[in-house]
A.B. asks: 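Here it is: the structure, laid out below.
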Number of protein chains: 2
Amino acid sequence: MSENKSKQQPADADAKLDQVFMALADSTRRQLIHMLAQKECSVSELAAPFDMSLAAVSKHIKVLESAGLIQRRKSGRSYYLLLRPEQLSGALDWISVYRRFWQQRLDALSGLIEKPDQQA
Amino acid sequence: MSENKSKQQPADADAKLDQVFMALADSTRRQLIHMLAQKECSVSELAAPFDMSLAAVSKHIKVLESAGLIQRRKSGRSYYLLLRPEQLSGALDWISVYRRFWQQRLDALSGLIEKPDQQA
DNA sequence: TTCTTATTTAACCAGTTGGTTAAATATTAG
DNA sequence: CTAATATTTAACCAACTGGTTAAATAAGAA
């Protein structure tokens, strides 16, 4: 018998979500993602706007990279980082499951606004 | 002049996102959210399925609570926890910004599948 | 080859996380 | 009042985070 059939969600997917959410749980890293959504950047381009050492930014980049959110390409003596936005889909999907739990309420509320009495 | 006009995103919102994403970056806490999406639960109900001490679960609950994702109500000697799913909207919105970056590609891809040649 | 540029890696540090067990607190039950 | 139940809080610990500075590595420039 296969030994991990009992887990409905593979531990891998869980660990991956851990990594992605953790990667997003830092303002600097979210800004890096934002920059990379505009265009591919080198490490020093990415580091420029931040008031911290290049080594610190390098570490943040590594966190994003091991979460799979960015990809690295070497060109000459520079590394260029490329966003892999589709890697966010797991996180989006996870949260989206709970969207209906608040959307319901909002829908009900906007229903009330549209027809405050039995006017419809 | 107001001294924090230069920041386009208030630090508060940033810190809040930090907390929410951090709260989600743990499988145990995601499972707690899942349970609370079904129904309001007491601490011991929440702790039951987990192979860890009640004190540990209590700490996880506190993390979710300070992120604003759940709300606590005392009844007798039990605490009941209630999910506040709408508090996930900030995180969803943040990720959604980048959705188009991968959706574009998927759309293009499915376009290719629908009309593999110039058959349309 | 030697210098400079781009970046990583190593060593270190303070603070946080996620777990433990044991003690404290609050409330209901006898 | 006393005992049991539900939960938090405290004290502790190992591992991880996010930052630092300094040294190592890689590659283009002179």
Side-chain angles (χ1 to χ4, degrees), chain A residues 11 14-36 39-83 91, chain B residues 11 14-36 39-83 91:
Chain A
D14 255 12
K16 178 71 180 217
L17 269 185
D18 285 4
Q19 279 193 296
V20 169
F21 279 129
M22 187 62 167
L24 298 182
D26 180 284
S27 168
T28 301
R29 287 193 293 264
R30 288 196 301 276
Q31 287 178 248
L32 290 174
I33 288 176
H34 184 77
M35 294 171 74
L36 289 170
K39 70 176 209 341
E40 204 183 30
C41 296
S42 71
V43 174
S44 29
E45 280 176 315
L46 285 175
F50 296 98
D51 185 24
M52 75 179 69
S53 71
L54 225 153
V57 173
S58 178
K59 280 192 190 181
H60 281 300
I61 288 171
K62 190 150 301 174
V63 172
L64 291 169
E65 203 183 357
S66 5
L69 293 172
I70 66 180
Q71 203 181 306
R72 186 183 295 259
R73 172 174 73 81
K74 189 166 191 176
S75 168
R77 47 189 153 174
S78 289
Y79 286 96
Y80 284 90
L81 288 317
L82 180 69
L83 186 63
Chain B
D14 255 13
K16 177 73 180 214
L17 270 185
D18 284 4
Q19 279 193 295
V20 169
F21 278 130
M22 186 62 166
L24 298 182
D26 180 284
S27 170
T28 300
R29 287 192 293 263
R30 287 195 302 275
Q31 288 178 248
L32 291 174
I33 288 175
H34 185 77
M35 293 171 75
L36 289 171
K39 67 177 210 343
E40 205 183 30
C41 297
S42 71
V43 174
S44 28
E45 281 176 314
L46 285 175
F50 296 99
D51 185 24
M52 75 179 69
S53 71
L54 225 153
V57 173
S58 178
K59 279 191 189 180
H60 282 299
I61 288 171
K62 189 151 301 175
V63 171
L64 292 170
E65 203 184 356
S66 4
L69 293 172
I70 66 180
Q71 204 181 305
R72 185 184 295 258
R73 172 174 74 81
K74 190 166 191 177
S75 167
R77 46 187 153 175
S78 290
Y79 286 96
Y80 283 90
L81 289 316
L82 179 69
L83 187 62

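Here the structure is a predicted model, which means the values were calculated and not measured. Just so we're on the same page: letters track the sequence lines, and every chain starts at 1.
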A.B. asks: By the 4.0 Å heavy-atom rule, please label A:Ser42 as base, sugar-phosphate, or nothing.
C.D. replies: sugar-phosphate

A.B. asks: Taking it one step at a time, do A:Arg73 and A:Leu82 satisfy side chain to side chain contact (heavy atoms under 4.5 Å, CB included)?
C.D. replies: CA-CA 8 Å; A:Arg73 172 174 73 81; A:Leu82 180 69; over 6 Å; no

A.B. asks: Grab the CG-C1' distance between A:Asp18 and D:dT17 for me, whole Å please.
C.D. replies: 15 Å

A.B. asks: Select base, sugar-phosphate, or nothing to describe what A:Ser53 touches, counting heavy atoms under 4.0 Å on all strands.
C.D. replies: base

A.B. asks: So if I take every side-chain heavy atom of A:Arg77 and compare against C:dT5, C:dT9, C:dA22, which nucleotide ends up nearest?
C.D. replies: C:dT5

A.B. asks: Please give, in whole Å, the distance from D:dG18 P to A:Leu24 CG?
C.D. replies: 12 Å

A.B. asks: Out of C:dG18, D:dT20, C:dA22, which has the shortest distance to the side chain of B:Lys59?
C.D. replies: C:dG18

A.B. asks: Is any side-chain N or O of A:Ser58 closer than 4.0 Å to OP1 or OP2 of C:dT8?
C.D. replies: yes

A.B. asks: Whole angstroms only, please: what is the CG-C1' distance between A:Leu81 and C:dT8?
C.D. replies: 13 Å

A.B. asks: Show your reasoning for whether side chain to side chain contact (heavy atoms under 4.5 Å, CB included) applies to A:Asp18 and B:Ser27.
C.D. replies: CA-CA 7 Å; A:Asp18 285 4; B:Ser27 170; 4.1 Å; yes

A.B. asks: By nearest heavy atom, map A:His60 and A:Ser75 onto DNA chain D; which one lands nearer the 5' end?
C.D. replies: A:His60

A.B. asks: Distance check needed: D:dT5 C1' versus B:Tyr80 OH, whole Å only.
C.D. replies: 12 Å

A.B. asks: In terms of the nearest nucleotide of DNA chain D, which residue is placed more toward the 5' end: A:Gly76 or A:Ala56?
C.D. replies: A:Ala56

A.B. asks: Ignoring backbone atoms, establish whether B:Lys74 has a side-chain N or O less than 4.0 Å from OP1 or OP2 of C:dT27.
C.D. replies: yes

A.B. asks: Can you figure out which of D:dT21, D:dT17, C:dG18 approaches the side chain of B:Arg29 most closely?
C.D. replies: C:dG18

A.B. asks: Expressed as a whole number of angstroms, how long is the span from A:Asp26:CG to C:dG15:P?
C.D. replies: 18 Å

A.B. asks: Send over the distance from A:Leu54 CG to C:dT5 C1', rounded to a whole Å.
C.D. replies: 11 Å

A.B. asks: Taking atom P of D:dT8 as reference, at what distance in whole Å does atom CZ of B:Arg72 sit?
C.D. replies: 5 Å

A.B. asks: Under 4.5 Å between any side-chain heavy atoms of B:Asp14 and A:Arg30, yes or no?
C.D. replies: yes

A.B. asks: Can I get a per-line list of side-chain donor-acceptor pairs under 3.5 Å for residues 51-61 of chain B, giving both atom names and the distance, sequence neighbours left out?
C.D. replies:
{"unit_1": "B:Ser53", "atom_1": "OG", "unit_2": "B:Ala56", "atom_2": "N", "d": "3.1"}
{"unit_1": "B:His60", "atom_1": "ND1", "unit_2": "B:Arg29", "atom_2": "NH1", "d": "3.2"}

A.B. asks: Does B:Ser78 have a side-chain nitrogen or oxygen under 4.0 Å from the phosphate oxygens OP1 or OP2 of D:dT7?
C.D. replies: yes

A.B. asks: Hey, could you give me the OG1/CG distance between A:Thr28 and A:Leu64, rounded to the nearest 0.5 Å?
C.D. replies: 10.0 Å

A.B. asks: Can you check the A:Asp51 CG to D:dT20 P distance for me, whole Å?
C.D. replies: 8 Å

A.B. asks: Has B:Lys62 got a side-chain N or O lying under 4.0 Å from the OP1 or OP2 atom of D:dT7?
C.D. replies: no

